[in-house]
Amino acid sequence: IDANSNFSGSFVIPKDSKLGNFRFEFKPKTGEDYIYTNGFFSIEEYKKPIFKVDIESPKNDVLLWEKVSFQIAPKYYFWGKLVSSQWKYSILSQKYFFDAKDYADYQFGDGNAYFDCMYWGYCNYSDALYGWVSEFKINENGEHSFEYSFSSDKNDAEKLYTFNFDIEDPDTKKTVSNSVSKVLHTTDAYVWVKAHYYNDQKKGIDFELVTLDFDAKPLPYKNVKVELIKKDYKQVKKLWVDGVFYNEYAQENIIEKTFSLISDEKWYVKHNIVSKNSWEYDIKVSYTGKNNQTFSSTSRVYVAWDDYIS
């Protein structure tokens, strides 16, 4: 036993051991005192599955509205085909955090979810069982082909979808499984933006943007919409049930400027924009892809008179 009261060891399970559940029991060398532990383990019979599940599906990156095809082919290890077997599959979804690699200092998407994941390690994947599909049969050729249509809802995009295919082994009655994953992207490219938070109103706001493909490689000649949005606050007077008035504040987004920029042959865009006021703003950049869906990223900035910028 070491200075921290820890110890470790190993042993080989005898070949003639019975199947079942077991636990460790430890006792000191002297005395009969029992040392409490939760070290439980099981010994089970192992039997190699007699078949495997092959899946063919052409692409791993898909867009909203798109369809993906699957061809399922269970095969015996001795080359025979498994026919007329019952199948089912499930879909597990979780949030997808795009790896920007060399461009991780740009702002990705809206809000702080990307920053929290990349820099703080807090990645809210929000795992969810997306859906179960009814059982289906493998045909006489030992195959089953089908298409799956992805949603057109942007709330379903930027997620990783894992398709799990299950069949019961007719010999051991245990499940033989295989899975394949697809990333559902909003559209065919990402646009990112970068700007300093504090800015001098007289000098304007310097910002940069980049368009990237799914492998974080820069894309030239992409048209990007830019919006300068003032984050204003509106005061509304309301009446309580007891007859007393109170003020409620709601945030208003006021679009001051809108224009388009095109990434050059070097994919890089650097620009300056001057605000009408000194206040908090969002610089929102948006790219609309071939599926007519739009991906946006936003960087929050504060504009002040030069007297406040050190």
Side-chain angles (χ1 to χ4, degrees), residues 61-66 95-119 154 157-158 183-232 253-306 308-309:
D61 295 291
V62 293
L63 312 182
L64 286 172
W65 296 90
E66 282 193 335
K95 288 183 180 178
Y96 170 70
F97 293 94
F98 175 63
D99 183 4
K101 299 177 182 176
D102 296 335
Y103 308 97
D105 56 339
Y106 283 71
Q107 173 61 30
F108 169 71
D110 298 319
N112 298 318
Y114 175 79
F115 181 85
D116 290 342
C117 182
M118 295 295 109
Y119 289 88
K154 290 186 68 173
E158 304 312 318
V183 179
L184 180 60
H185 304 274
T186 304
T187 190
D188 55 273
Y190 289 106
V191 59
W192 294 45
V193 62
K194 180 169 66 173
H196 292 294
Y197 180 70
Y198 289 105
N199 298 270
D200 185 337
Q201 185 181 5
K202 295 180 180 179
K203 295 179 180 179
I205 307 165
D206 291 323
F207 69 93
E208 303 171 17
L209 65 86
V210 60
T211 49
L212 303 175
D213 66 12
F214 301 148
D215 295 319
K217 295 178 181 178
L219 295 170
Y221 310 117
K222 294 294 184 181
N223 193 310
V224 177
K225 178 182 177 182
V226 181
E227 295 173 284
L228 182 64
I229 305 171
K230 184 182 179 184
K231 311 299 289 185
D232 210 351
N253 294 327
I254 302 174
I255 300 177
E256 280 194 2
K257 295 184 178 181
T258 302
F259 55 94
S260 294
L261 295 172
I262 298 178
S263 55
D264 60 20
E265 68 279 0
K266 297 181 180 179
W267 57 262
Y268 181 75
V269 176
K270 187 174 182 178
H271 199 76
N272 180 277
I273 185 172
V274 178
S275 64
K276 295 180 181 179
N277 301 282
S278 57
W279 197 247
E280 198 169 50
Y281 284 83
D282 278 345
I283 299 177
K284 183 177 181 179
V285 296
S286 304
Y287 166 76
T288 301
K290 61 183 181 182
N291 61 343
N292 293 319
Q293 296 294 313
T294 301
F295 182 86
S296 300
S297 292
T298 302
S299 182
R300 182 69 53 86
V301 299
Y302 185 82
V303 180
W305 289 104
D306 54 349
Y308 295 93
I309 304 295

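Numbers for residues simply follow the sequence, beginning at 1.
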Sidechain N-carboxylate O distance under 4.0 Å for E158, K95: no

Pairing donors with acceptors under 3.5 angstrom, does anything connect the side chains of [X] and [Y]?
{"X": "N291", "Y": "T187", "value": "yes"}
{"X": "T294", "Y": "T288", "value": "yes"}
{"X": "N253", "Y": "K231", "value": "yes"}
{"X": "Y287", "Y": "Q293", "value": "no"}

With D282 as partner, the option from K257, K230, R300 fulfilling salt bridge (Lys or Arg N to Asp or Glu O under 4.0 Å) is R300

With sequence neighbours left out, the residues meeting salt bridge (charged side-chain N to carboxylate O under 4.0 Å, His left out) with K203 are none

Any heavy-atom pair between the side chains of [Y] and [X] that's under 4.5 Å?
{"X": "E280", "Y": "Y197", "value": "yes"}
{"X": "V193", "Y": "F207", "value": "yes"}
{"X": "L209", "Y": "W192", "value": "no"}
{"X": "V285", "Y": "K225", "value": "no"}
{"X": "L63", "Y": "T186", "value": "no"}
{"X": "S275", "Y": "Q201", "value": "yes"}
{"X": "H196", "Y": "D206", "value": "no"}

Mind checking whether Y198 and Y302 have parallel, tilted or perpendicular rings, split at 30° and 60°? perpendicular

Would you call the rings of Y190 and F214 parallel, tilted or perpendicular, where under 30° means parallel and over 60° means perpendicular? perpendicular

Which heavy atom of [X] sits nearest to which heavy atom of [Y], and what is that distance?
{"X": "I283", "Y": "I205", "result": "CD1-CG2, 3.5 Å"}
{"X": "S296", "Y": "S286", "result": "OG-OG, 2.8 Å"}
{"X": "V191", "Y": "S297", "result": "O-OG, 2.7 Å"}
{"X": "G204", "Y": "N272", "result": "C-ND2, 3.6 Å"}
{"X": "Y103", "Y": "A216", "result": "CE1-O, 3.6 Å"}
{"X": "S263", "Y": "T211", "result": "OG-OG1, 3.7 Å"}

Please round to the nearest 0.5 Å and tell me the distance separating atom [atom1] of [X] and atom [atom2] of [Y].
{"X": "I255", "Y": "L228", "atom1": "CD1", "atom2": "CG", "result": "10.0 Å"}
{"X": "K222", "Y": "L261", "atom1": "NZ", "atom2": "CG", "result": "15.5 Å"}
{"X": "S278", "Y": "N199", "atom1": "OG", "atom2": "CG", "result": "12.0 Å"}

Might you work through the side chain to side chain contact (heavy atoms under 4.5 Å, CB included) test for Y281 and I229, ending with a clear yes or no? CA-CA 5 Å; Y281 284 83; I229 305 171; 5.8 Å; no

Using the ring-ring contact (aromatic ring centres under 6.0 Å, His included) definition, which of the options F295, W65, F98, Y96 pairs with H185? Y96

Any donor-acceptor pair under 3.5 Å from E256 side chain to K276 backbone: yes

With no hydrogens and no angle check, is any side-chain donor or acceptor of D215 less than 3.5 Å from a backbone partner on K217? no

Go through it in stages, so that I can follow the logic: the residues are V224 and V269, the test is side chain to side chain contact (heavy atoms under 4.5 Å, CB included), and I'd like the CA-CA distance, side-chain angles, deciding distance and then a yes or no. CA-CA 10 Å; V224 177; V269 176; over 6 Å; no

So, using side-chain contact (heavy atoms from CB on, under 4.5 Å) as the criterion, who are the partners of A113 when residues are at least two apart? F97

Suppose we screen for side chain to side chain donor-acceptor pair (under 3.5 Å). Which residues come up paired with E66, at least two apart in sequence or across chains? K59

V226 and K284: CA distance, side-chain angles, deciding distance, side chain to side chain contact (heavy atoms under 4.5 Å, CB included) verdict: CA-CA 6 Å; V226 181; K284 183 177 181 179; over 6 Å; no

